[in-house]
Amino acid sequence: SGQVLTSNGGSSAPSWQDAGGGGGGGEFSLSATDKAIHSSAAGNSSSAWYSFFVGTNAGNNTTTGYNNNFIGSQAGKSNTTGCYNNFFGRYAGCSNTCGGDNNFFGRRSGYSNTIGLHNNYFGSGAGLDNTTGCYNNFFGIDAGAGAYAATNTGSYNNFFGAQAGCSNSTGSHNNFFGSRIANYPFTCQTGSHNNFFGFASGQVNTSGSCNNFFGCRAGTSNTTGFHNNFFGRGAGLDNTTGCYNNFFGNWAGCSNTTGTSNIFIGRHAGCRNTTGSDNVFIGDNTGGFVCTNNCNTAVGRWSGYYVSGAKNTFLGARSGKQNTTGSGNISIGFYAGDVAGGGYYSFQTGRYNIIIGSESRTSSTTVSNEVSIFNYCKTARFQGNATAWSFVSDEREKKNIIDLPLGGDFLSKLRPRKFEWKSEDEDSHEQASGFVAQEVLKVVEEYNAHYTGLVDTNDPNQYTFAAAALIPMIVNAIQEL
């Protein structure tokens with residue numbers, strides 16, 4: 001006939017007695033199946049097997065459900081056929097009917113779950129409004145509560161932290177780790193395949209999907225933006241609908257709202273960009289003032305910091321730093337693209353300039369279509385529609401100035417030649433005219449004229465000849481006539 005666990009209400013421990021021995025009036029009793037224990041305040045649970053119900057109306061309606069443990073007032077109250085559930089806390093799993101393999105720990109945890117399976121909710125109010133969602137793991141007070149979404153049917157979610165995923169409704173396959181993630185009042189989180197890690201990261205996300213936000217307040221304002229990757233404190237903070245962005249570093253892209261397809265890497269990189277798209281900023285504070293312009297590339301700390309133009313390319317620390325409204329410029333080298341004679345607040349507004357070399361500069365703040373190459377010794381420039389390069393020849397840059405002693409006599413020793421260039425193609429017979437460097441070198445050595453720079457022998461495998469260096473001798477020869 002089975003046994004019942006009885007207690008006299010005193011200090012002595014409860015003891016088992018044969019059911020026929022009058023033990024039925026104790027604090028706990030066996031169900032009719034002799035396989036379920038419930039308190040006198042719990043429901044009948046007449047057909048429950050291998051179950052333990054403690055608390056007012058705990059497991060009150062269980063009929064054929066088995067292997068359940070409901071402890072707390074109203075815990076598992078509506079359960080009928082659900083099996084293998086563990087509900088601990090007042091109203092825990094109160095609405096569950098046939099859901100199974102669930103673990104709800106905390107007051108009102110899993111309160112609205114009806115047929116959801118394989119869920120784990122730990123914390124007061126955790127999974128409060130989840131109804132049919134399955135395979136969820138919610139840890140923390142009101143985690144995945146769905147309090148702002150009316151109902152929550154999402155599945156395969158992992159929410160860890162107070163109010164994490166509190167506004168989730170139908171979103172699935174999300175991972176939220178940290179307090180107040182996706183919990184903004186009166187919003188409905190339907191996005192899926194998101195990973196939010198850090199306090200308030202992705203806080204107001206609604207339908208945005210396939211996002212990865214890592215860091216305190218990373219992507220906090222994102223609503224419908226998708227396929228974004230924000231890593232760092234405040235990275236992508238103000239992004240709302242922008243998509244396909246990659247922001248790495250504290251406050252990187254923090255002001256971006258609708259800009260798309262941007263790559264910002266470094267502390268405060270692109271921190272003021274709002275709607276600009278297709279920009280690449282790599283390095284601390286790169287592109288710091290860019291707001292709405294597109295297609296800029298800046299690599300190096302502080303490079304392109306003030307740029308507000310478009311289609312610029314700056315490579316090197318501080319390169320293009322002084323460029324503002326100029327567009328289509330290319331600056332390569334440390335501090336390349338500064339302005340000759342310019343001060344801290346002298347900004348470059350020219351367009352389509354190419355500046356190459358460490359600390360190379362343009363000739364003015366407004367010049368456009370200029371090529372400037374600086375080797376940290378001399379500057380060569382090509383401007384607009386010019387047919388030749390110009391080189392620095394300022395008297396202020398020279399000393400010990402005397403007349404050149406070379407003229408017609410020197411030129412008479414040179415031998416202009418006609419020749420064919422060697423080629424891997426044995427059938428090629430490309431003809432040309434000019435000088436042979438080794439022959440010119442002999443004349444240079446005869447006159448001790450290496451200072452002319454006519455022949456460069458730095459590369460022993462390939463000598464070069466500077467034809468333009470003959471101009472001073474030619475002028476002398478003409479004047480001798």
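Judged by the 6.0 Å distance and 45° axis criteria, R417 is not positioned over the aromatic ring of F419.
Within the 3.5 Å criterion, the main-chain N or O of N256 finds no donor-acceptor partner in the side chain of N273. N174 places a side-chain N or O within donor-acceptor distance of the main-chain N or O of G191, the cut-off being under 3.5 Å. Under a 3.5 Å cut-off, the side chain of T240 and the backbone N or O of T257 do form a donor-acceptor pair. In this structure, T452 contributes its side chain and A449 its backbone to a donor-acceptor pair below 3.5 Å. Checking side-chain atoms of N375 against main-chain N and O of G357 turns up no donor-acceptor pair under 3.5 Å.
Aromatic pair F196/F214: ring centres not closer than 6.0 Å. Aromatic pair Y305/F289: centroids less than 6.0 angstrom apart.
For F199, the ring pair (Phe, Tyr, Trp, His ring centres under 6.0 Å) criterion is met by no residue, not counting sequence neighbours. Take H450 and apply the ring pair (Phe, Tyr, Trp, His ring centres under 6.0 Å) test, not counting sequence neighbours, and it matches no residue. With sequence neighbours excluded, no residue forms a ring pair (Phe, Tyr, Trp, His ring centres under 6.0 Å) with Y352.
Surrounding OH of Y156 are at most 12 heavy atoms belonging to other residues, nucleotides or ligands under 6.0 Å away.
Interatomic distance, CG of L406 versus CD1 of I474, reported as 12.5 Å (0.5 Å rounding).
Exactly one of N157, N102, N103 qualifies for a side-chain hydrogen bond (donor to acceptor under 3.5 Å, both in side chains) with N119. That residue is N102. Here the options are F247, F314, F264, the test is side-chain contact (heavy atoms from CB on, under 4.5 Å), and the partner is F281; only F264 passes.
Side-chain contact annotation: Q383 with S390, donor-acceptor N/O pair under 3.5 Å absent. Defined by atom type and a distance below 3.5 Å, a donor-acceptor pair is present between the side-chain atoms of N168 and Q189. A donor-acceptor contact closer than 3.5 angstrom links the side chains of N113 and N96. Side-chain atoms of Y447 and D409 form a donor-acceptor pair, as typed in the model, at a separation below 3.5 Å. For the 3.5 Å distance criterion, the side chains of E370 and S363 qualify, holding a donor opposite an acceptor. At a cut-off of 3.5 Å, with distance as the only test, a side-chain donor of S393 or K398 sits close to an acceptor on the other residue. Side-chain N/O atoms of Y376 and E359 include a donor and acceptor closer than 3.5 Å.
Taking 4.5 Å as the limit, every side-chain heavy atom of T220 sits out of range of all side-chain heavy atoms of F213.
Between E397 and K378 there is no salt bridge, since no side-chain nitrogen of the basic residue lies less than 4.0 Å from a carboxylate oxygen of the acidic one.
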